[in-house]
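Worksheet: one structure, shown below.
Convention: sequence-line order gives letters A, B, ...; per-chain numbering from 1. Not measured: the values here are computed from a predicted model.
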Amino acid sequence: MSYIIKGQTGDWEVVIGLEVHAQVTTKAKLFSGAPTDFGAGPNTQVSFIDAGMPGMLPVLNAFAVEQAVKTGLGLKAKINRRSVFARKNYFYADLPQGYQISQYDQPIVGEGTIILDMPEGSRNIGIERLHLEQDAGKLVHDMHATKSFVDLNRAGVALMEIVSKPDLRSPEEAGAYLRKLRAILRYLGTCDGNMEEGSMRCDANVSVRPVGSTELRTRCEIKNVNSVRFVMMAIDHEAKRHVEVYESGGAIQQETRLYDSARNETRSMRSKEMAHDYRYFPDPDLLPVELDEAFVADLEKNLPELPDDKKARFQKAYGLTAYDADVLVSEKENALYFEDVAKGRDPKQAANWVISNLFGVLNKQGVGILESPVSAKNLGRLIDLIADSTISGRQAKEAFEAMVESGKDTDTIIAEKGLKQITDTGPIEAAIDQIMAANADKVEQYRSGKEQLMGWFVGQVMKATQGKANPALCGDLLKKKLAQ
Amino acid sequence: MSELTSLTIAEARSRLKRKEFSALELTEAHLSAMERARHLNAYITETADLARERAKESDKRLAAGEGRPMEGIPLGIKDLFCTEGVQTTAASRILEGFSPPYESTVSQKLRDAGTVMLGKLNLDEFAMGSANITSAFGPVKNPWTPQGRKAELVPGGSSGGSAAATAAHLCMGATGTDTGGSIRQPASFCGLVGVKPTYGRCSRWGVVAFASSLDQAGPITRNVRDAAIMLKAMCGYDAKDSTSANLAVPDFEAVLGQGVKGLRIGIPKEYRPDGLNAEVNALWNQGIDWLEKAGATIVDISLPHTQYALPTYYIVAPAEASSNLARYDGVRFGLRVPGKSLDDMYAKTRATGFGAEVKRRIMIGTYVLSAGYYDAYYVKAQKVRALIMRDFNEAFEKVDAILTPTAPSAAFGINDKIDTITMYLNDVFTVPASLAGIPGASVPAGYTTEGLPLGLQVLTKRWDEETLFRVCQSLEDAAGFKGLGPL
Amino acid sequence: MSPTFSIDTATVRRIATLARIEVTDAELSTWAEQLSGIMGWIEQLKEVNTDGVAPMSGGTDLKLTLRPDVVTDGDMVDQVLANATEAQDGFFTVPKMVE
Ligand SMILES: [Mg+2]
Ligand SMILES: [Zn+2]
């Protein structure tokens with residue numbers, strides 16, 4: 001147990017369940033033909049159905065169903081061959097129909113698992129369910145002194161609500177769960193996982209209990225946190241708040257709380273406190289969703305390789321360490337990039353270049369692999385040039401830096417910078433002869449046993465050849481000549 | 001011009017084709033009849049200019065020999081169907097000023113068949129009622145009056161405007177919608193044919209929803225053939241309605257001459273409760289007799305859960321309605337009453353915009369779905385509904401059609417004081433078929449001693465409207481019912 | 001009709017709040033009486049034995065038809081806003097809400 005809150009009365013552990021709303025990657029909305037693009041002008045992506053106009057009816061998007069089933073399969077979950085859309089009834093300005101079409105007691109996907117690789121070992125986190133539902137619209141409160149503005153572009157966009165079991169025990173595990181879930185969704189192509197644009201949003205249910213206890217205490221739900229880091233911070237804060245309340249003799253109220261990242265605190269959402277009674281019932285405008293066996297089997301057969309499998313394969317096929325493999329598979333695009341680079345080359349060297357050099361650059365620039373200034377092809381070429389001794393490791397680093405800066409391809413950079421290694425013995429021997437002649441004293445010292453001077457000689461040769469001499473060849477020739 | 005308004009749709013159809021008169025003349029005849037009969041309050045909105053425009057278009061097509069199946073036939077449209085650019089109210093204040101930017105599938109199909117819309121017909125608010133007295137635009141009067149006493153009668157509901165206008169020759173036929181009897185009962189009260197097809201035959205897209213699992217559109221006409229013609233134009237698969245049937249539409253008109261010889265007609269004993277109105281009972285017996293004489297076999301059947309249909313309906317329909325009507329919140333269309341907060345605006349808008357009956361049903365629906373009551377009421381009702389459905393399925397293993405009265409009485413007075421539950425009991429014979437989703441029709445079959453019309457109801461199994469029409473035609477032939485002439 | 005069935009005014013208020021229908025104090029008892037009457041009449045359903053019966057939902061036994069994932073709609077902000085009492089800069093507007 002790595003995350004323990006040291007209280008005055010003893011040690012406490014935290015119990016966390018996460019509810020993730022992931023926007024299903026589709027062109028059109030869940031029940032209408034309106035588009036789902038991010039950032040469009042207000043109410044431009046709205047059909048009469050999305051606006052809840054009289055007489056409008058929902059028709060289910062077949063691809064959204066396919067995406068949900070795919071996700072379920074990726075979570076190794078039970079696919080429910082029959083599921084039912086229900087109406088969740090409540091009034092709010094972002095909910096045009098006065099109800100959200102969601103799934104209630106018969107979701108499309110049942111129990112599943114996500115495996116987390118934590119420093120202390122792997123952890124299986126249970127998935128409770130996955131269901132399809134509509135997103136709500138967006139409210140803008142800062143455009144007018146006395147009015148709120150309503151944009152229904154998001155209203156009706158397909159979401160998957162993915163609910164974990166209360167199996168998470170630390171903010172770190174919660175973070176790892178979110179990153180792993182996001183990786184799986186992105187591998188599957190069922191959600192782009194973009195938390196900034198709101199296509200993945202997280203609610204965290206948090207409670208605490210004394211270490212050793214198995215009870216589930218009152219939980220609070222922290223709503224709509226929009227980054228992995230903030231989810232971790234919010235959980236940490238909330239767990240500590242619970243401990244403080246309990247230890248000062250208070251009680252935790254079950255409630256919905258909002259995380260304020262600027263102040264790193266959670267606070268009660270009083271406006272939402274009015275007793276909810278959602279009056280769920282099956283949506284009479286829709287019929288049950290029935291999936292035939294062949295449909296599910298076909299999706300399962302065509303499922304892409306997922307992070308866990310890819311990681312195992314990377315370790316086995318490329319001889320990578322668990323750590324390196326984990327880093328490389330965390331994003332599907334990274335893994336693809338790596339495999340492009342590794343193909344037909346030394347995989348360990350490829351992994352090293354990608355992880356140590358490329359990821360460092362990307363991190364610094366704050367961009368993803370798709371925006372990498374160095375393509376897999378160019379990085380591969382660079383590694384090839386090292387392998388066939390065209391350039392030295394040092395030259396390769398210099399070339400890489402130039403490639404990052406200019407975005408030019410490997411061969412152009414090598415040519416521009418004249419980085420070609422000298423592998424002809426002629427010019428190197430000439431340089432050695434000149435250096436030996438000018439430094440007879442050092443030659444003498446070497447010959448009388450001060451062999452550590454070899455480094456100095458190599459340096460001189462490199463300097464004389466502007467670093468282009470092949471260091472190995474250089475050493476061999478020096479050794480030969482100094483021995484004479 | 002009264003000669004033109006007295007025609008049936010079938011007659012007008014062939015005489016228009018023969019160019020004995022123009023579509024515009026036919027439309028003008030109806031427009032002036034509408035003007036003369038405004039006291040009936042059948043129309044909420046008259047669309048005279050639009051009608052003339054469409055009639056002229058029909059005349060062009062007829063002249064070119066390109067007439068469509070119902071080219072130039074003037075119809076009334078229940079004001080529950082959204083009509084593009086024409087105010088659509090559902091007879092509610094809450095839809096004040098609402099002009100839909102879209103056309104319902106059914107009214108579009110009728111347009112595509114060449115019909116001419118004369119206007120939007122009055123109804124009970126949101127189709128909730130059995131007397132057309134809950135409309136925000138005032139009650140509709142039945143053009144029939146009792147012999148020997150002075151009284152204004154209700155046309156039935158909720159499609160009261162559709163029935164009154166068709167009976168008074170203010171249109172050649174009208175669309176109705178039926179959730180628990182709202183086509184069949186007003187047809188019975190006004191001496192008309194009203195057909196509620198199988199749930200899923202007519203698209204619900206663009207029809208203001210009352211109870212989604214029950215709502216069905218259908219025609220109200222002055223005879224069976226006209227209903228067959230009109231229903232054919234109204235129904236068919238619509239990809240925009242998930243509950244629409246992807247089935248071929250039969251030619252209902254083609255079966256009308258086939259008679260009932262060899263058909264087995266079921267008579268459910270539960271539809272003859274103690275205290276059934278004697279005139280209604282007698283007419284039912286008469287109908288049984290007619291069908292037997294026409295060669296049908298009469299079979300006594302039992303539909304044991306019939307008596308529970310009405311309370312079941314008054315859970316299911318309000319539950320769905322409470323949710324369907326949540327969208328009337330003053331934000332995107334219709335009435336808005338300002339409030340000091342969003343919730344205050346909602347509550348004031350809905351309190352002002354909805355009438356008493358609509359509020360009553362929203363309250364019941366909200367109650368039966370609320371925490372702690374859902375299983376006891378809603379789930380229970382859906383189970384009883386399954387039993388009602390099962391009753392019909394078992395019955396239709398033994399019979400081809402079922403004959404019952406349409407309503408427990410003839411039309412009653414607009415000013416009669418009727419308590420809520422007695423009012424609900426108007427639909428006691430129509431609601432079971434609505435719950436089961438099976439087709440049903442009312443055919444005018446006789447009169448009370450006061451000369452008021454009474455209808456008989458025919459039911460068949462799902463998707464078997466052809467048998468339904470055969471039985472209806474046989475009853476019509478035997479009854480020789482005479483409707484009202486033009487006013 | 002069950003004479004014992006009764007819905008109290010507190011329940012009426014709760015239901016009216018859920019349904020967002022303003023009810024005056026004066027109306028509460030009328031509503032309570034009316035709803036009690038109707039619900040009392042509905043109580044007769046309890047007599048029906050529904051053991052082992054699967055609830056019917058929806059009006060049809062047809063199979064659900066779905067829609068392909070194709071954009072066919074949207075891009076008509078004027079029509080979407082045309083019937084609103086209040087709209088500004090492409091938005092619907094409502095009384096200001098505090099979050
Ligand atoms: Mg949730
Ligand atoms: Zn959700």
Worksheet item: Contact part of B:Thr366 toward chain A, heavy-atom cut-off under 4.5 Å: side chain, backbone, both or neither?
Response: both
Worksheet item: Quick one: of B:Ser213, B:Ser322, B:Ser323, who has the most non-hydrogen atom pairs under 4.5 Å with chain A?
Response: B:Ser323
Worksheet item: Is chain A contacted by the side chain of B:Pro100, its backbone, both, or neither, given a heavy-atom distance below 4.5 Å?
Response: neither
Discussion item. Let's test your reading of the structure: which of B:Thr243, B:Val368, B:Val331, B:Leu369 forms the most heavy-atom pairs below 4.5 Å with chain A?
Written reply: B:Leu369
Fill in: Proximity breakdown for B:Ser104 and chain A, heavy-atom pairs closer than 4.5 Å
neither
Practice prompt. Name the region of B:Ala239, side chain, backbone, both or neither, that has any atom closer than 4.5 Å to a heavy atom of chain A.
Written response: backbone
Worksheet item: Does any heavy atom of chain A fall under 4.5 Å from the side chain of B:Leu95, the backbone, both, or neither of them?
Response: side chain
Worksheet item: What is the minimum heavy-atom distance between B:Tyr328 and A:Pro54, and which atoms define it?
Response: OH-CB, 3.5 Å
Response to the item:
The interface call for A:Phe48 against chain B, heavy-atom contacts under 4.5 Å, is side chain
Fill in: Any residue of residues 93-104 of chain A which, by heavy atoms, sits under 4.5 Å from chain B
A:Ala93, A:Pro96, A:Gln97, A:Gly98, A:Tyr99
Worksheet entry | Salt bridge present between A:Lys165 and A:Glu111 (N-O < 4.0 angstrom) | yes
Worksheet item: Going by an N to O cut-off under 4.0 Å, is there a salt bridge joining B:Arg204 and B:Asp215?
Response: no
Worksheet entry | Part of B:Ala211 within contact of chain A (heavy atom distance under 4.5 Å) | neither
Discussion item. Under 6.0 Å between ring centres: does that hold for B:Tyr374 and A:Phe281?
Written reply: no
Worksheet item: When you look at NZ of A:Lys138, are more than 12 heavy atoms from neighbouring residues, nucleotides or ligands closer to it than 6.0 Å?
Response: no
Discussion item. Counting heavy-atom pairs under 4.5 Å with chain B, which one of A:Tyr280, A:Phe91, A:Phe31 comes out on top?
Written reply: A:Phe91
Discussion item. What I want to find out is whether A:Asp135 reaches A:Arg201 closely enough, with some N-O distance under 4.0 Å, to be called a salt bridge.
Written reply: yes
Worksheet item: Is the count of non-hydrogen atoms from other residues, nucleotides or ligands lying under 6.0 Å from A:Gln253 atom CD greater than 12?
Response: no
Worksheet item: Under 6.0 Å from the CZ atom of A:Arg219, do we count more than 12 heavy atoms belonging to anything else shown?
Response: no
Discussion item. If I measure from the heavy atoms of chain A, does B:Val208 come under 4.5 Å with its side chain, its backbone, both, or neither?
Written reply: both
Worksheet item: Of all heavy-atom pairs between B:Glu125 and B:Thr134, which one has the smallest distance, and what is that distance?
Response: N-OG1, 2.9 Å
Worksheet item: Where does A:Asp285 contact chain B at under 4.5 Å (heavy atoms): side chain, backbone, both or neither?
Response: both
Discussion item. On a heavy-atom basis, which atom in A:Leu286 and which in B:Ser242 lie closest, and how many Å separate them?
Written reply: CD2-OG, 3.6 Å
Worksheet item: B:Phe98 vs B:Phe333 aromatic rings, parallel, tilted or perpendicular, using cut-offs 30° and 60°?
Response: tilted
Practice prompt. Using a strict 4.0 Å threshold on nitrogen-to-oxygen distance, state whether A:Arg217 and A:Glu215 make a salt bridge.
Written response: yes
